[in-house]
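Just so you know, ligand 1 is whichever comes first in the structure, and atom 1 is the first atom listed for that ligand. Since this is a predicted model, take the numbers as computed values, not measurements. Because only heavy atoms are used, hydrogens play no part in the values below, and waters and symmetry mates are left out as well, while side chains stay in.
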Amino acid sequence: MKRFFYVACVVVLCLLLVVPAATAKKKPFKIRFSHVVSENTPKGWAANEFAKRVNETLKGQVKVVVFPSAQLYGDNQAIEALSAGFIEMAAPSSAKFVGSVPALQLFDMPFLFPTIETVHKVVDGPIGDDIRAMFVKRGLGIKLMTFWDNAFKQFSDNVRPLIKPADFKGVKFRIMSSDVLEAQMHGLGAVGLKLPFAEVYNALEQGVVDGQENTASNIYTKKFHEVQKYMTFSNHGYLGYAVIMNQKFWDTLPADIQKTISKILTEVTAEARMKAIELDKEQSALIRDYAQKSGRLTIFDLTPAQTAALQKAMKPVHDKFADVVPTKWVEQVKMMK
Ligand code: LMR
């Protein structure tokens, strides 16, 4: 009897230990995706779409939470936070990698990419592979997942219309943290002040800077055009993103989950390319509409001759960064034209 009692106790104890472990629900992997722009922008759209699809497809296994508009981290901070494992995903613009993968400043070169298709050829081709290898080699703990577009940038300011190179003289522009952009402004006789994206509106409104350069979607969604007198549709430089993931986090994901996430990212990237073009058109039109209705903003479109003059003034920058951006890449892009 005594023996039976002991055996029963052991069985009950084992059940108590084993059953909860077997039935306990595993917590889903959490992906915190931090970015600085509004949701109604190419990056905002792509991040939300990625989150929606992962959360549906991998329900209970992975949970993506997007933090837009620098709610969590601003600009370069996001790269450091991701590297340290405080967030799992981000998509900073090429300019923000100046301190970590400076070769990405290739994408900041003024008038280097004639069309968005040229950018796609670059990121989908051997240069894209070189960049991926560069991330691995740098040992930053950052995995490069894909590239997303925004669009081409436009100039705006409060000093004078920006039509010819001489118009830029002495004008103080907010720029992203890229040294290439600093040199671009310097080459025009202007001043480039590196400021985080979240501070641009106030800096323009309070006159800390006179002008800025950004895409129509970033300008429109953050209302920069409402605190500017002149805007020039110059399409002088590209703005796009490196979508990155914390490497350690990625390595902890089971292979089937990695496969599903990669597949979703490939699909979202393809659709985001079209969405970016659509949003650029839509938000450029909204800015033009604001200018016409309010009378507080004057818009300029450059003639081919005016564009050529600006190109001539800005292109010397291409040769100034040979120690940072491989000359081979710049030459290859030029050959693509
Ligand atoms: C900027 O700082 O102007 C951009 O990099 C913002 C963004 O992420 O598009």
Atom 8 (O) of ligand 1 [closest protein heavy-atom partner, distance rounded to 0.1 Å]: Lys43 NZ, 2.6 Å

Nearest neighbour in protein (non-hydrogen) for atom 9 (O) of ligand 1: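 The answer is Tyr241 OH, 2.5 Å.
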
Heteroatom proximity flag, Asn150 to ligand 1, N/O under 3.5 Å: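 Such a contact does not occur with ligand 1.
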
Close approach of Lys222 to ligand 1, heavy atoms, under 4.0 angstrom: no

Lys96 near ligand 1 by a heavy-atom separation under 4.0 Å: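 Checking ligand 1 against Lys96, which is what was asked, there is a heavy-atom contact under 4.0 Å.
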
Gln306 side-chain N/O to Thr303 backbone N/O, donor-acceptor pair under 3.5 Å: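 Here the side-chain-to-backbone pair exists.
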
Exam field: side chain Gln283 to backbone Tyr220, donor-acceptor pair closer than 3.5 Å: no

Side chain to side chain contact (heavy atoms under 4.5 Å, CB included) partners for Ala272, two or more places apart: Trp45, Ala46

Euclidean distance, Arg160 CZ relative to Phe168 CZ, rounded to 0.5 Å: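 The CZ atom of Arg160 is 10.0 Å from CZ of Phe168, to the nearest 0.5 Å.
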
Euclidean distance, Asp157 CG relative to Gln228 CD, rounded to 0.5 Å: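 Separation between the atoms: 6.5 Å.
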
[X] heavy atoms, cut-off 4.0 Å: which ligand 1 atoms fall inside?
X	result
Asn214	1 (C), 3 (O)
Leu239	9 (O)
Val37	6 (C), 7 (C), 8 (O), 9 (O)
Ser93	5 (O)

Side chain to side chain contact (heavy atoms under 4.5 Å, CB included) evaluation trace for Asn55 with Lys63: CA-CA 6 Å; Asn55 292 343; Lys63 175 88 186 141; 4.0 Å; yes

Positive for ring pair (Phe, Tyr, Trp, His ring centres under 6.0 Å) with His236, one of Phe155, Phe173, Phe152: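 So, applying the ring pair (Phe, Tyr, Trp, His ring centres under 6.0 Å) to His236 and each of Phe155, Phe173, Phe152, only Phe155 qualifies.
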
Proximity to ligand 1 by part of Val200, non-hydrogen separation under 4.0 Å: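 Answer for Val200: neither.
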
